[in-house]
Amino acid sequence: MSTHASDPLAALGSLPGVADAVDSVRKAVDRVYGHRVMRRRSTEISSEAALRGARGSAALSGADWALEEVRRRTDFGSDAEARTVGAALRLGAEAGQLLSIWRQSPLRVLARLHLVAAGDPGESVGRPRLDGETVDEPLVEAPLPTPAEVAGRLDGLAELIVAGGEAPALVTAAVVHGELLALRPFTTHNGLVARAAERIVLVGSGLDPKAICPAEVGHAEQGRAAYLAAFEGYLSGTPEGVGGWIAHCGRSVELGVRESTAVCEALQRGAA
C-alpha cells in the first residue's frame with residue numbers, strides 16, 4: 001500500500017489497528033456474499049439491509065424505533081422522531097441512485113443528500129451553512145468549524161475522492177463519515193447525511209456492491225456512547241484516535257454483515 005504524500009488516505013492504512021480492521025471487514029463481507037441465499041435472493045437482502053440501516057441511522061439521531069415500527073409506519077411527518085426516521089429511509093433509497101455521480105462530484109451528492117433528508121426546499125437546504133446560521137445536531141457537541149473552514153475542508157475532501165487512490169474502501173468511508181460529522185456542513189441532518197455518504201463509499205468502491213452490509217446497523221448496535229467516543233478520537237487527529245475511529249467503522253460494517261447473514265439464514269429457513 002502506498003503511503004505517498006499525494007495519497008493521504010492510503011497513508012492512513014498504516015495507523016494502529018487499521019490494517020487488521022480492513023482485513024477483517026473484507027473477510028466478513030466475502031463470507032456473506034458467498035452465502036447460498038445471496039445467489040437467488042440478493043434483491044430481498046439489499047432491501048432489508050436498507051431498511052435496517054435506516055433504522056440504525058435514525059436511532060443514532062435520536063429516533064430509536066423498533067424495526068417493525070419502521071416497517072409498519074407510513075406517516076413520517078407527524079413529529080420530530082417520525083421525521084428523522086422518514087429522512088433516514090429516504091436517504092437509504094436515494095443513496096443507490098447517486099453512486100455514479102459521487103466519484104465525479106461528491107459535493108453535488110452531499111447537497112442532494114441534504115435536500116432528500118430535509119424533504120423541504122427551504123432557504124438553507126442543500127447548501128453548506130452560512131455565517132450566523134445555527135446547526136441542529138444534538139448528538140455531536142464538538143465545536144463547530146466556521147463556514148469558511150467548512151468550505152475549505154469540503155473542497156479538500158472532494159479533491160481526494162475525485163483523485164481516487166489506493167486507500168481501502170473502509171478507510172475512505174470512515175474519513176468521509178468522520179469529516180462530515182466534524183464539519184456539520186448543513187443546518188440539519190448532518191449525522192444522517194454522514195452515514196449515508198459512508199454507505200455510498202462502501203457500495204461504490206466495490207466492497208459492498210449489492211449494499212447488503214449496513215454499517216449503520218453496527219454503529220447503532222455499538223451504541224451512541226461508543227460512537228461518540230470513537231468520533232472524539234477522530235477529532236483528536238492523533239494516529240491512535242483516527243485509527244480507532246476507522247476500526248470502529250470497520251466493526252460497524254462487520255455487525256452489519258452479521259445482520260444480513262441472519263436475514264439470509266431466515267430466508268433459507270423460510271421464516272422471512
Where do Pro239 and Pro16 come nearest, in terms of heavy atoms and distance?
O-CD, 3.7 Å
Any chance the side chains of His189 and Glu137 put a donor and an acceptor closer than 3.5 Å?
no
Same apolar cluster: Val162 and Val201, side chain cutoff 4.5 Å:
no
Can you get from Phe186 to Val176 by hopping between Ile, Leu, Val, Met, Phe, Trp and Tyr side chains that sit under 4.5 Å apart?
yes
Less than 4.5 Å apart, side chain to side chain, heavy atoms only: is that true for Val175 and Tyr234?
yes
Same cluster for Leu228 and Val135 if Ile/Leu/Val/Met/Phe/Trp/Tyr side chains link at under 4.5 Å?
no
Under a 3.5 Å distance rule, please check whether His114 uses its side chain to pair with a backbone N or O of Thr188 as donor and acceptor.
yes
Side-chain donor/acceptor of Arg184 to backbone N/O of Ala142, under 3.5 Å:
yes
To check you understand the geometry: which heavy-atom pair defines the closest contact between Pro145 and Arg129, and what is its length?
O-NH2, 2.8 Å
Between Arg55 and Glu69, is the closest basic N to carboxylate O distance under 4.0 Å?
no
For Gly204, does its backbone N or O pair with a side-chain atom of Arg103 as donor and acceptor, under 3.5 Å?
no
Might you point out which heavy atoms bring Ala197 and Leu110 nearest each other, and give the distance in Å?
CB-CD2, 4.1 Å
Keeping Thr172 on the side-chain end and Ala169 on the backbone end, is there a donor-acceptor pair under 3.5 Å?
no
Please report the C-alpha distance between Leu170 and Cys249 in whole Å, then the side-chain angles of each, then the deciding distance to 0.1 Å, and finally whether the side chain to side chain contact (heavy atoms under 4.5 Å, CB included) criterion is met.
CA-CA 8 Å; Leu170 172 64; Cys249 291; 4.2 Å; yes
Parallel, tilted or perpendicular: rings of Trp245 and His177 (30°, 60°):
perpendicular
Does Glu133 come within less than 4.0 Å of Arg127, counting only side-chain N to carboxylate O?
yes
What closest approach, in Å, do Cys264 and Ile45 show between heavy atoms, and which atom pair accounts for it?
SG-CD1, 3.4 Å
Electrostatic pair Glu94-Arg90, nearest N-O below 4.0 angstrom:
no
Examine Phe231 together with His219 and report whether their ring centres are nearer than 6.0 Å.
no
Tell me whether the count of non-hydrogen atoms from other residues, nucleotides or ligands lying under 6.0 Å of CD in Glu141 goes above 12.
no
Find out if a path of hydrophobic residues (ILVMFWY) with successive side-chain heavy-atom gaps under 4.5 Å connects Val25 to Tyr33.
yes
Check whether Tyr227 and Leu255 end up in the same hydrophobic cluster, where Ile, Leu, Val, Met, Phe, Trp and Tyr are linked by side-chain heavy atoms less than 4.5 Å apart.
no
Answer yes or no: is there a side-chain heavy-atom contact under 4.5 Å between Ser61 and Leu139?
no
Salt bridge present between Arg258 and Glu254 (N-O < 4.0 angstrom):
no
Are the side chain of Arg195 and the backbone of Ser57 linked by a donor-acceptor contact shorter than 3.5 Å?
yes
Under-4.0 Å salt bridge between Lys27 and Asp23
yes
Cluster membership besides Trp65, Ile/Leu/Val/Met/Phe/Trp/Tyr side chains within less than 4.5 angstrom, sorted by chain and number, is Leu51, Leu67, Val70, Phe76, Val85, Leu89
